[in-house]
Amino acid sequence: MTEQKVERAVRCLVDQKPFDLADGVFLGDLEGPLRALIRRDFPKATNQDFICSEHLVHYRLLKMDQMIAKDYDQNHKLNKKLTRVMQRDIYNVVDVREQLEDSLTFGQRVADAVAHFGGSWPFIITFVSIMVVWILVNGLHLFGVHFDPFPFILLNLFLSMVAAIQAPLIMMSQNRSAEYDRMESRNDYHVNLKSEEEIRMLHSKIDHIIQEDTPNQMQIAKIQMQMLGSIESQVAELRRLQTELEATARADMPVDPESGNQGHK
């Protein structure tokens with residue numbers, strides 16, 4: 001029994017204390033990142049070196065802390081970058097209509113009103129009514145009025161004057177509409193640029209969650225399962241040793257010659 005224990009005893013890399021093989025693992029059986037973390041403190045360690053479960057738990061917890069800290073730092077950087085994007089002055093969104101109306105002059109307001117009225121049915125009906133009355137009055141000599149006989153030269157003059165005055169006013173209003181469209185287009189560009197930047201940042205966060213956070217969480221869960229497996233192995237080994245000790249103790253008890261039973265030593 002003593003020789004078997006000597007064969008199973010190994011020394012821990014960290015404190016050089018003897019341990020049973022069931023109380024730890026060899027470095028070669030560990031994963032690369034965890035093995036590299038141990039070799040950072042023990043550069044001369046090889047894959048044949050042994051580390052006990054107590055110190056292995058310490059390095060596993062240290063590895064989980066590093067992974068959590070890395071994820072937290074990356075998320076913090078992405079949040080700061082997203083905050084800077086949303087606070088940029090170049091992406092300020094303005095109310096184009098309100099800004100344009102506040103800057104209108106009296107002449108521009110008159111031009112807009114004339115263009116609005118000139119392109120409506122009330123203007124057409126009123127204008128046609130005036131022309132019909134004009135023609136009837138001068139053509140039929142109603143009420144003894146005959147100031148513009150056929151071919152109604154004065155009426156043609158008034159029509160030309162109205163068209164000459166109305167055309168520039170309508171063009172002024174169209175220029176205002178074109179300016180409004182340009183301002184709206186620039187505002188839409190800023191909105192789209194801001195939205196694109198925000199979507200890009202959200203994509204970065206989602207990619208970080210998919211590519212780093214989720215694998216890290218799975219890796220942490222795997223480390224936890226390995227720690228639980230190590231604990232179960234140690235418990236099973238303790239039970240086996242307890243069974244061996246109980247069997248050895250029963251074998252060493254003296255036999256009572258009268259009853260044939262083993263007595264207490």
Side-chain angles (χ1 to χ4, degrees), residues 10-95 185-238:
V10 288
R11 293 188 176 276
C12 178
L13 173 66
V14 179
D15 54 13
Q16 297 300 319
K17 292 182 180 180
F19 288 91
D20 193 86
L21 287 176
D23 295 334
V25 296
F26 291 97
L27 295 187
D29 297 331
L30 298 176
E31 296 182 352
L34 186 59
R35 187 165 57 245
L37 187 62
I38 297 174
R39 285 179 175 173
R40 188 187 64 180
D41 296 335
F42 302 93
K44 296 182 180 180
T46 62
N47 292 340
Q48 287 72 33
D49 288 326
F50 181 85
I51 183 170
C52 64
S53 299
E54 179 181 356
H55 295 97
L56 183 59
V57 168
H58 166 73
Y59 281 104
R60 281 173 172 166
L61 293 176
L62 184 60
K63 179 62 178 176
M64 286 191 289
D65 290 340
Q66 289 181 351
M67 296 169 66
I68 293 173
K70 181 180 178 181
D71 291 340
Y72 177 80
D73 183 64
Q74 186 67 21
N75 288 327
H76 182 66
K77 290 180 179 179
L78 290 174
N79 290 331
K80 287 180 62 177
K81 189 174 181 180
L82 182 59
T83 302
R84 287 196 302 268
V85 168
M86 299 189 64
Q87 291 178 348
R88 288 180 184 175
D89 294 334
I90 59 175
Y91 294 144
N92 285 341
V93 181
V94 297
D95 189 347
S185 177
R186 287 195 297 268
N187 193 61
D188 291 341
Y189 171 75
H190 289 158
V191 172
N192 294 335
L193 193 62
K194 184 174 182 179
S195 300
E196 180 183 359
E197 193 70 20
E198 292 177 2
I199 292 173
R200 188 178 302 168
M201 292 303 304
L202 292 176
H203 273 298
S204 299
K205 295 188 70 173
I206 294 175
D207 291 341
H208 173 72
I209 292 174
I210 295 175
Q211 298 177 3
E212 296 187 19
D213 282 1
T214 302
N216 287 346
Q217 292 175 1
M218 296 178 63
Q219 184 69 19
I220 290 174
K222 182 179 179 180
I223 293 174
Q224 292 174 344
M225 294 298 296
Q226 290 175 347
M227 293 171 64
L228 291 175
S230 177
I231 293 174
E232 290 180 356
S233 299
Q234 294 180 17
V235 172
E237 181 66 16
L238 290 175

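We use all heavy atoms of the structure for the numbers below, so side chains are in, but hydrogens, waters and symmetry mates are not.
Annotation: side chain of V14 is not in contact with side chain of H58 (no heavy-atom distance under 4.5 Å). Side-chain atoms of D41 and Y59, non-hydrogen and from C-beta on, do get closer than 4.5 Å to each other.
In terms of heavy-atom proximity, K63 sits nearest to L37 at N-CD2, 3.8 Å.
The side-chain contact (heavy atoms from CB on, under 4.5 Å) test applied to P18 returns R11, not counting sequence neighbours. Remark: T46 pairs with Q48, D49 by the side-chain contact (heavy atoms from CB on, under 4.5 Å) rule, at least two apart or across chains. In this view, K17 satisfies the salt bridge (Lys or Arg N to Asp or Glu O under 4.0 Å) rule with no residue, not counting sequence neighbours.
If you take CD1 on I51 and CG on D15, they are separated by 9.0 Å, rounding to the nearest 0.5 Å. Here the CG-CZ distance, from N47 to R39, works out to 4.5 Å after rounding to the nearest 0.5 Å. Here D29 contributes atom CG and F50 contributes atom CZ; the two are 10.0 Å apart, rounded to the nearest 0.5 Å.
Judged by distance alone, with hydrogens and angles left aside, the side-chain atoms of N192 form a donor-acceptor pair with the main-chain N or O of D188 at under 3.5 Å.
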Practice problem: Mind running side-chain contact (heavy atoms from CB on, under 4.5 Å) on I38 and H55 for me, showing each step along the way? | Solution: CA-CA 10 Å; I38 297 174; H55 295 97; over 6 Å; no
